[in-house]
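Quick notes on the structure that follows.
All heavy atoms count here, side chains included; hydrogens, waters and symmetry mates do not. Reminder, nothing fancy here: chain letters follow the sequence lines and each chain counts from 1.
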Amino acid sequence: MKFSIDRAALLRAVNHVQGVVEKRNTVPILSNVLMKAEDGVLALAATDMDLEINEAVAAQIDQPGATTVPAHMLHDIVRKLPDGSSVSFILDPDGHSMSVKAGRSNFKLSCLPIADFPEIGAGELPSEFSISSSDLRGLIDRTKFAMSTEETRYYLNGIYLHAFENEGVHLLRAVATDGHRLSRYEMPCPTGAEGIPGIIIPRKAILEIRKLVEEAADTIKINISESKIRFTFDHIVMTSKLIDGTFPDYDRVIPKGNDKIVELDAKAFTSAIDRVSTISDGKTRAVKIAMNGKVMTLSASTPEAGSATEEVEIASDANMEIGFNARYLLDITSQIEGDGCRMTLADSASPTIIQDNSDPSALYVLMPLRV
Amino acid sequence: MRIRHLPDTLINQIAAGEVIERPAAAIKELVENSIDAGATQINIDIHDGGKSYMCVADNGFGMNREELIACLDRHATSKLPDNDLLHIENLGFRGEALPSIASVSRMEIFTYSKDDRSAWQIRVEGGKKSDPMPSSHPSGTKIEIRDLFFATPARLKFLKTDRSENMAIKDMILRLAMAAPHIGFTLQFDGKKNLNLSPSSQEERLGLLLGREFPQNAMPILAVRDTIKLEGLASLPTYNKGNALSQYLFVNGRAVKDRLLLGALKGAYCDVLARDRYPVAALFLTLSPEDVDVNVHPAKAEVRFREAAHIRGLLVSTIRHALLEHGGRSASSVQSPLQNLITQNQSRVNQEYTPQTLPYHTIEYASGAPNHRNQAMAEAVQNIYNAPHTLPPSSKCEIIPEENNNIKDFPLGAARAQIHENYIISQTNDGMVMIDQHAAHERLVYERFKRQFSENNIAVQGLLTPEIIELDPLKTENLLSYQDDLKAYGLDIDAFGTQAISVSAIPALLGGNIDIKRLIHDIIDEIEDKGSTKLLEDKIFEILSRRACHGSIRSGRRMSADEMNHLLRDMEATPLSGQCNHGRPTYIKLSLNDIEKLFKRR
């Protein structure tokens, strides 16, 4: 195998695929990236057995072939090479090592045979639909912060995606919760997605695809089966296994009877929480909120450090007190892009709904903190 | 086969199977008899691990001819005068031991009773007794046992080596001797004297048996609540061991291995010792016989309390109070390894210990009265502290100006130097102190966190969906009886049917990454094991302790004299500052006396 490629193009592609490769592996081949050169294209692939990414990039192929090299090392090398250089790769005839040359730099990387490289991406994924990259970004951003990292409840370690019909309108919904808060985002169902099964996309796939769509083309093709999801765009194909579990009936968690409605300025609210919580205890981050007429008073205190209060104007006739974890509140309010947000409360021990006035597609539920 | 009555010898052998499982158990029964007989001197002689010959001789009140014959019959005893099992004031009461031992060995009893004014002897072989014969015996009773277990060869086969049997016998004698300091004991193995204890005070006896450094490194414990009295010695946290073998517990003078008491002891120390370290303790619990049932275990190693929670609470709170009171003290035993280290290479080690007599503090409990003594000390320290003092800053060596000499009056003295960027050397009026700055500061921060935690309301994070945990009905009921205790720490549980509980809120400090199901199961395990739960508190304190470690100054940090002195004053004012969160000492005190010894000036 022998080929050469522009450093910038290679770096972009290697950067994409190496995110999938775990830092530490018990199976050596999983630390490697697969490189296949043929027909003027260099194809890269990396996997952690649950998530696989393939990317193709144009290269000048002198002699076709394939091998695998350590992914993070390759990434570091290409990253440190001078911009604008051309990198040439030559696989030794015995296949045990590959030399990498750029300018006067010379590296020799040890290789592992491609026969050992696992492939999980293959197979037919029957449901297919397309989604715009901005919709996918919104869907992920509005929900991903609520994903749980607690591994015994593995079915919460991801985003639940399902399609449903409401009064003749087909909607696609993404939901995430960690038991303390819940986020729900809905959008008009893309054509072809109406019949998809409810799936849980694992955390790692969510975080990786979110990085990739940042620089992606306008539309992203998504294929889904009972056990896998595949994202296809530009020259990238990412396939992930799905979490095999049942997502809880989240609709029951969303309170229906909350009657106290508070309208307030999202930006002012966010920065007030941020300021007041400077005082609160590092781990619990408790912030108290008292509402009285047209004023909301946020307060925090620790006996040693001191106390803080800040007032925020509200449009409401609610008269109550409630406590929250400031970090949870900020996670939610920082997703609100419009000027106004609405809190819908019942009492100091019941879940509270928070919504963006300018964007009805997202809904957040937060459980209060009893302080 | 028809149901029939077993012959007496067989019945005794069956009883022996329960009570006399090894030579040490036989010795225990015999020595307890001697103690119950009012002896002041008991001599024990063992050959071949007790397999070939054992002899227990006392100077108690002995038996007359009739008693001598009767004592070998089952359930014949002098120890239940009122026929009331609720009123057991002796160590024995069942009247089973002698016939049981006699049924599996060759036994000879020599006894002299004052009211008979003559001595008798009797011989029993495998349960068959001869007629008593007149004998010549000076006073008390002597029992010789030959060929123990000859009648039950299976039991004989399961005995361990002579050495381990000797060890078990010695351990048994130690326990009995601890509880009866007024009695002299001698113990011989194969003709060689192993133990010779003359009658002495409780504390001397403990010192002799547990090592001389124990009383010096122990806190005197004395508490009286209603009719219950707890006394004894418990080690300072810095004086600890890798196993629980050195924990001696006595209930009404009877050595017991009771899980409730051992668990309470561990619980009392849990905040100052690492999980795998154990305090050394000898604790004597005295309560009226009606409040304790000793008739629950064949060898009486376990007892049952009428008010177990009450006893547990007394033990835990008494030791905790003592820990607080002695919180500033750090084990002085670390000095002896130090001295050993220095004197090791010298030809003659001549160390004289003068066992210190520690004052016994009486703590009268009304209902958790505040610890005035400690407060007074803190105030006194505060007063000295208010005197102005400033020292020129330096991280190497400090000269204290004359006018500031009064800061040497503080228990931890005046910081003189910091060495290896971790150890503070300070000078006191009567010696010097070395302080581990990281360990000390970590403890101070931890204590501050704990104080804040208890002063603040506990922040409780509600759960969107209650976590339902399925349990069997007994466990559910058991757990629910601790509902209020758990709620106080921020864990809200409720019944969910009879076979499950629902968790609706958790302490916010535990964060979002906690496995609630496992937490609940761990709490249940602890309740079942110890009859109470401190797990949640432990978990929370563990988090605080971890944060304390991150939030405290590390070794390698250079400190100015002011900083060092400030640390020392903080340590004096903080309870439990004598050890870090893992039971290591935070400081070591060397008295001038010790220093002079090291230099052979004394």
Can you say whether B:Arg518 sits under 4.5 Å from chain A via the side chain, the backbone, both, or neither, judging by heavy atoms?
neither

Under a 4.5 Å heavy-atom cut-off, does chain B meet the side chain of A:Phe324, its backbone, both or neither?
neither

Atom CD of residue position A:Glu263 - does it have more than 12 heavy atoms of other residues, nucleotides or ligands inside 6.0 Å?
yes

Heavy-atom distance under 4.5 Å to chain B: side chain of A:Arg285, backbone, both or neither?
neither

Based on non-hydrogen pairs under 4.5 Å, which of A:Thr302, A:Thr152, A:Leu182 is most in contact with chain B?
A:Thr152

Can you tell which part of A:Pro368 gets under 4.5 Å to a heavy atom of chain B, answering side chain, backbone, both or neither?
backbone

How about A:Lys288: does its NZ atom have over 12 heavy atoms from other parts shown lying under 6.0 Å from it?
no

At a 4.5 Å cut-off on heavy atoms, which part of A:Ser350 comes close to chain B: side chain, backbone, both, or neither?
neither

Can you say whether B:Ile458 sits under 4.5 Å from chain A via the side chain, the backbone, both, or neither, judging by heavy atoms?
backbone

Checking B:Ile514 against chain A: side chain, backbone, both or neither under 4.5 Å from a heavy atom?
backbone

Kindly compute the distance separating OG1 (B:Thr465) from CE (A:Met367), expressed to the nearest 0.5 Å.
9.5 Å

Please test B:Glu467 against A:Arg153 for side chain to side chain contact (heavy atoms under 4.5 Å, CB included), starting from the C-alpha separation and ending with a verdict.
CA-CA 11 Å; B:Glu467 179 93 1; A:Arg153 290 197 287 175; 2.9 Å; yes

Residue A:Asp317 excluded, over 12 heavy atoms near CG under 6.0 Å
no

So, does A:Glu151 use its side chain to make a donor-acceptor pair with the main chain of B:Asn513 at under 3.5 Å?
no

For atom CZ of A:Phe145, is the number of surrounding heavy atoms from other residues, nucleotides or ligands below 6.0 Å larger than 12?
yes

To the nearest 0.5 Å, how far apart are NZ in B:Lys517 and CD in A:Glu150?
11.0 Å

Under 6.0 Å from the CG atom of A:Asn166, do we count more than 12 heavy atoms belonging to anything else shown?
yes

Set of residues satisfying side chain to side chain donor-acceptor pair (under 3.5 Å) with respect to B:Arg547, sequence neighbours excluded
A:Asp281

Measuring from atom CG of A:Leu366 to atom CG of B:Leu464, what distance do you get when rounded to the nearest 0.5 angstrom?
7.5 Å

